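Let me begin by presenting the structure, written as structure tokens, before commenting on it.
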Amino acid sequence: DIETDALILSIGHSASDTIEMLYNKGINMMQKPFSVGARIEHPQEFINTVQYGEYKNHPKLRAADYKLACHPPHGRGAYTFCMCPGGTVVCASSQKGGVVTNGMSEYARDKENANSAILIGIEPSDFPSEHVLSGFQLQREIEQKAFNLGGGDYTAPAQLVGDFLKNEKSTKLGAVKPSFPTGVSMGNISEVLPQKVVNTMRDALVQMDKKLKGFAMDEAVLPFAVCGLELRNGEDSFYLFEFPYEEIYEENGNRIGRTLATILHILRVDLNFNVSWAVLNAADYGVPQRRKRIYIVGCKKKYGEINLE
């Protein structure tokens, strides 16, 4: 045993067994919103054309990416997340009888498709009950519905964007060939997702298409995805954040981007936290991939200094 006054568990949203164990031991928890949605796949050549125009084939340009967000009229925000240029949609299921997808890009970013999650927030008021773990219940129900809709063999249910917008079941693929390694089963992913999420996603696709013309092309593919939730200490005494390096560290060419500076300011000044942050590279820890992440840890000043070095 190791005695300690404070413990930070960076266990991720899939470690539900650990979270249930902590709950059974009487650890104070509270419900927290999470996000759910689908991945969207486009030809990478199309994204390059939209983003780079006449320079799309320039040898010094890598596969283009994008970042989109909107706020449809009914009040729920929608955003793209973990955009993977020249990447692949991969299986991220962590429990038997559930389907979850994620995305990744290899270093070369040279695969045929680009993919990104389109996510919509789910509030505790949408959970099945007021039980602190009811968000996990909802998450499991969605993943199990996806498993069944996909045929019960870990094939991902998928739908063409054009059919999704018209609420029609997809029966065949179009020009975009999905990259999911175990294959996709065409159907209607509206049968899996909560109706509020479906409504918001439809509105969001139309709005995002105005920002990136062709984003809602009829033959783009929507493999089902769910983004997990977290539970937090009810006192809000500790925070742990993880961000992609490129998104907030070298924003607009600045060494410390405005987003990172804003986060640090809010934690240190507005919330009166002691804060430490560091850039970690997966390659330094035995992973055969140069994948940088920024970790920010903060705690109330009454708990003392904190240092990630």
Side-chain angles (χ1 to χ4, degrees), residues 1-37 39 81-82 90-104 117 119-147 154 156 192 194 224-244 267 273-278 280-282 284-287 289 291-300 303-304 306-308:
D1 294 343
I2 301 175
E3 293 187 5
T4 180
D5 295 325
L7 175 64
I8 297 175
L9 296 175
S10 306
I11 55 178
H13 66 76
S14 298
S16 56
D17 54 345
T18 303
I19 293 174
E20 290 171 355
M21 177 270 291
L22 294 171
Y23 171 78
N24 291 331
K25 288 185 176 292
I27 301 298
N28 184 32
M29 297 179 178
M30 66 182 293
Q31 293 179 336
K32 185 180 180 182
F34 68 103
S35 297
V36 64
R39 290 237 148 216
F81 179 76
C82 188
V90 297
C91 181
S93 300
S94 60
Q95 292 183 329
K96 185 177 181 180
V99 164
V100 186
T101 65
N102 205 334
M104 63 165 285
L119 298 177
I120 290 86
I122 292 182
E123 300 295 326
S125 58
D126 301 315
F127 294 176
S129 73
E130 295 183 358
H131 191 283
V132 71
L133 299 182
S134 64
F136 281 102
Q137 177 186 343
L138 177 59
Q139 179 185 352
R140 287 170 180 161
E141 288 176 357
I142 295 172
E143 293 174 4
Q144 288 166 0
K145 286 181 181 179
F147 178 79
Y154 297 95
V192 173
F224 165 77
V226 62
C227 182
L229 71 166
E230 303 168 3
L231 290 100
R232 64 184 178 188
N233 179 281
E235 189 185 359
D236 284 343
S237 298
F238 298 92
Y239 281 97
L240 173 64
F241 298 100
E242 177 195 3
F243 296 99
L267 287 171
F273 270 58
N274 286 325
V275 178
S276 182
W277 65 279
L280 302 181
N281 190 339
D284 296 332
Y285 298 88
V287 179
Q289 185 181 38
R291 189 181 182 93
K292 292 182 179 181
R293 288 290 187 270
I294 292 178
Y295 289 88
I296 304 172
V297 178
C299 69
K300 290 287 190 181
Y303 293 110
I306 192 165
N307 193 345
L308 281 182

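Being a predicted model, the structure only gives us computed values, none of them experimental. Throughout, residue positions are numbered sequentially from 1 according to the sequence presented.
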Might you work through the side chain to side chain contact (heavy atoms under 4.5 Å, CB included) test for Asn24 and Met21, ending with a clear yes or no?
CA-CA 5 Å; Asn24 291 331; Met21 177 270 291; 5.6 Å; no
Using every non-hydrogen atom in the two residues, find where Gln31 and Ser129 come nearest and quote the distance to one decimal.
NE2-O, 3.1 Å
Rounded to the nearest 0.5 angstrom, the CD-CG distance for Gln139 and Leu133 is 11.5 Å
What's the spacing between His131 NE2 and Met29 CE if we round to 0.5 Å?
10.5 Å
Less than 6.0 angstrom separating the ring centers of Phe34 and Phe127, yes or no?
yes
Taking atom types as modelled, find out whether Ser16 and Gln95 have a side-chain donor-acceptor pair closer than 3.5 angstrom.
yes
Name all residues meeting the side-chain contact (heavy atoms from CB on, under 4.5 Å) criterion together with Gln144; count only those two or more places apart in sequence or in a different chain, and write none if there are none.
Arg140
Asn28 backbone acceptor or donor facing Tyr23 side chain under 3.5 Å:
no
Ser93 side-chain N/O to Gly98 backbone N/O, donor-acceptor pair under 3.5 Å
yes
Heavy-atom closest pair, residues Pro128 and Ser134:
CD-O, 3.5 Å
For the CD1 atom of Ile122 and the OG atom of Ser35, what is their distance to the nearest 0.5 Å?
8.0 Å
Can you list everything that forms a side-chain contact (heavy atoms from CB on, under 4.5 Å) with Val90? Sequence neighbours excluded, please.
Thr88, Asn102, Met104
Could I get the full list of side-chain hydrogen bond (donor to acceptor under 3.5 Å, both in side chains) partners for Asp126, not counting sequence neighbours?
Arg76, Lys196
Under the side-chain contact (heavy atoms from CB on, under 4.5 Å) test, residues paired with Asp17 that sit two or more places apart:
Ala15
With sequence neighbours excluded, residues passing ring pair (Phe, Tyr, Trp, His ring centres under 6.0 Å) with Tyr295
none
Nearest 0.5 Å, please: how far is CZ in Arg39 from CZ in Phe81?
8.0 Å
Counterpart residues, salt bridge (charged side-chain N to carboxylate O under 4.0 Å, His left out), relative to Arg291 (two or more places apart)
none
